[in-house]
Number of protein chains: 2
Amino acid sequence: MPRPSQAHEKRKKLLPIVARAFAELGYRRATTAELARRCEVRENILYRLWPNKKAMFVASIDYVYEQAAGTWQGILSEPDDHNSAAVRLLEHEAEHYGESGLQRIIFAGLSETDEPEIREALRKMYGRFHRFIREQVVAHRNGTEHSALPDETVAAWAIIGLGNLANIGRELGLFTNRGRKRIFGDAGRLLLDGQGG
Amino acid sequence: MPRPSQAHEKRKKLLPIVARAFAELGYRRATTAELARRCEVRENILYRLWPNKKAMFVASIDYVYEQAAGTWQGILSEPDDHNSAAVRLLEHEAEHYGESGLQRIIFAGLSETDEPEIREALRKMYGRFHRFIREQVVAHRNGTEHSALPDETVAAWAIIGLGNLANIGRELGLFTNRGRKRIFGDAGRLLLDGQGG
DNA sequence: ACTATTCGTAAGCGTGTACCTACAATATGG
DNA sequence: CCATATTGTAGGTACACGCTTACGAATAGT
């Protein structure tokens with residue numbers, strides 16, 4: 001019988017490298033030759049793991065979500081420090097959001113939204129992010145009356161908006177670490193439960 | 001004496017076309033050949049108006065701000081309908097934000113932030129946006145006490161974050177028109193003066 | 001009319017690109 | 001050990017890219 005395929009393992013091993021290349025270079029400049037160079041393989045074998053460059057990119061988008069989800073699960077399972085999970089997540093993002101630089105892939109993808117597969121991958125990713133955050137907002141507010149606040153769906157989207165902006169800010173050097181923390185802290189908290197300033 | 005140069009006028013005439021091409025295609029796919037085709041001139045002429053492709057892109061970024069600023073000035077100079085300028089701007093953006101599609105240029109630019117000139121152009125643009133919005137927030141809140149709200153700087157950045165997200169949402173079809181309006185209306189208003197839900 | 005300058009057209013140079021083919025080396029289960 | 005499949009290597013194709021050069025035609029002030 002034939003030699004067993006290790007394609008799955010190899011994909012898992014190379015995907016982080018590929019994703020980082022897309023994040024640093026954007027879609028077009030991350031040429032297949034450059035991807036192969038960074039992976040220390042020939043272009044050829046990338047094409048055996050994925051059918052084409054677009055598929056490598058879509059896989060990288062999924063990887064971004066999985067990375068974030070992993071980090072967040074870690075925070076959720078930490079012992080409580082008399083703060084809700086939502087508040088702890090907000091604090092963590094205020095401190096570390098965009099640190100990995102991986103989210104730059106999203107900007108690259110947004111320049112390629114006329115490719116249906118890429119658009120779909122981004123849609124799915126944002127959908128998953130939103131669902132996760134919304135759940136945390138609901139859990140945080142549970143029961144308590146917040147008549148003057150936007151509902152959980154809106155609040156979750158707005159918090160995602162803060163995240164995007166934090167990313168852009170980090171990319172362009174728009175604000176200091178302290179500034180970014182205040183944006184997440186003050187505006188994020190305001191959206192969460194009205195404790196704004 | 002020589003024939004007087006009409007470069008300035010020509011630049012002004014072609015820039016909207018160039019900017020739209022960058023918005024629709026992104027930086028790399030908006031090839032100089034394609035830009036020339038849309039402008040109905042030869043590539044050559046573009047290279048007489050701008051030194052290189054990067055300069056065409058930077059000019060397009062500036063154009064995005066000028067377009068928005070023009071629209072906003074129009075709204076500010078409208079007669080008052082017993083709403084503050086800030087509220088009227090928020091309502092206008094809730095209705096029309098991202099309609100032109102020009103803001104896609106920003107995503108394209110964010111994938112090219114390792115080019116210092118492009119990074120600088122984006123920085124400048126965000127800085128101008130923030131200054132403008134912050135002024136409106138200050139004017140809206142003037143004097144009244146809002147102890148539980150984020151300060152004007154933070155609020156203005158957060159509102160910009162809402163705008164970015166609205167753009168992404170429009171691009172990916174993440175939410176309906178009504179949804180987008182609620183994000184601008186509810187979250188935006190909350191950041192502005194605490195009248196959230 | 002002269003002339004300096006701009007304008008429009010055409011062609012092409014060097015490089016980079018996604019993707020493919022052909023083939024030898026390797027490793028596995030029977 | 002052998003047949004079968006998977007690996008790694010080398011090379012190449014067809015095309016698109018940013019940018020440049022060359023040159024004749026048009027146009028304005030003097």
Side-chain angles (χ1 to χ4, degrees), chain A residues 1-15 17-19 21-61 105 108-109 111-112 114-118 121, chain B residues 1-15 17-19 21-61 105 108-109 111-112 114-118 121:
Chain A
M1 271 295 154
R3 193 172 162 188
S5 170
Q6 304 188 16
H8 191 70
E9 287 77 4
K10 193 133 203 170
R11 250 191 297 268
K12 213 155 96 178
K13 186 178 139 208
L14 297 187
L15 184 53
I17 305 172
V18 168
F22 278 122
E24 288 175 13
L25 302 172
Y27 186 75
R28 303 276 149 176
R29 273 185 314 172
T31 65
T32 53
E34 175 67 10
L35 295 177
R37 200 188 59 77
R38 294 190 179 210
C39 291
E40 293 177 302
V41 299
R42 309 272 161 187
E43 301 181 50
N44 223 356
I45 68 177
L46 293 184
Y47 278 97
R48 281 189 197 141
L49 300 177
W50 294 281
N52 50 43
K53 188 183 169 184
K54 217 185 330 180
M56 303 174 203
F57 188 69
V58 167
S60 298
I61 292 176
I105 292 179
S111 286
E112 310 289 333
D114 55 335
E115 301 275 352
E117 291 103 319
I118 293 178
Chain B
M1 274 293 158
R3 188 172 166 188
S5 169
Q6 303 188 17
H8 191 71
E9 287 78 2
K10 192 133 206 172
R11 251 191 297 270
K12 215 156 96 180
K13 185 179 140 208
L14 296 187
L15 183 53
I17 305 173
V18 169
F22 278 123
E24 288 175 13
L25 302 172
Y27 185 76
R28 302 276 151 177
R29 271 185 315 173
T31 65
T32 55
E34 175 68 11
L35 296 176
R37 201 187 58 77
R38 293 190 181 210
C39 292
E40 292 178 303
V41 297
R42 309 272 159 188
E43 301 181 51
N44 223 357
I45 305 197
L46 294 182
Y47 278 96
R48 282 189 197 141
L49 300 176
W50 292 280
N52 50 42
K53 188 183 171 185
K54 216 184 334 181
M56 304 174 202
F57 188 69
V58 167
S60 298
I61 292 176
I105 292 179
S111 286
E112 308 290 332
D114 56 334
E115 301 275 351
E117 292 104 317
I118 292 178

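Labels below follow one simple rule: chain letters A, B, ... track the order of the sequence lines, proteins then strands, and each chain is numbered from 1. What you see is a predicted model, and the numbers here were worked out from it, not measured in a lab.
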Please work out whether the ring planes of B:Y27 and B:F22 are parallel, tilted or perpendicular, with thresholds of 30° and 60°. parallel
Any heavy-atom pair between the side chains of A:R29 and B:E112 that's under 4.5 Å? yes
Can a side chain N or O of B:T32 be found less than 4.0 Å away from OP1 or OP2 on D:dG18? yes
Please determine if a side-chain N or O atom of B:K53 lies less than 4.0 Å away from the OP1 or OP2 oxygen of D:dT20. no
Protein-nucleotide distance (A:L46, atom CG; D:dT7, atom P), rounded to Å: 13 Å
Atom pair distance, as rounded to whole Å: CE in B:M56 and P in D:dG18: 9 Å
Base, sugar-phosphate, or nothing for B:K10, non-hydrogen atoms under 4.0 angstrom? sugar-phosphate
What's A:N44 touching, base or sugar-phosphate or nothing? Going by heavy atoms closer than 4.0 Å. base
Whole angstrom is fine here: how far is it from CD in B:E43 over to C1' in C:dC7? 17 Å
Is there a side-chain polar atom (N or O) of B:R42 under 4.0 Å from OP1 or OP2 of C:dA10? yes
With a 4.5 Å limit on heavy-atom distance, are the side chains of A:L49 and A:L14 in contact? yes
What's the CZ-C1' distance between A:R48 and D:dG8, to the nearest Å? 7 Å
How many whole angstroms separate atom CZ of B:R28 from atom P of C:dG16? 13 Å
I need the CG-P distance between B:L25 and D:dG18, as an integer number of Å. 11 Å
Please give, in whole Å, the distance from C:dG8 P to B:I45 CD1? 4 Å
For a 4.5 angstrom cut-off between non-hydrogen side-chain atoms, does B:E117 reach B:N52? no
Protein-nucleotide distance (A:N52, atom CG; C:dT17, atom P), rounded to Å: 17 Å
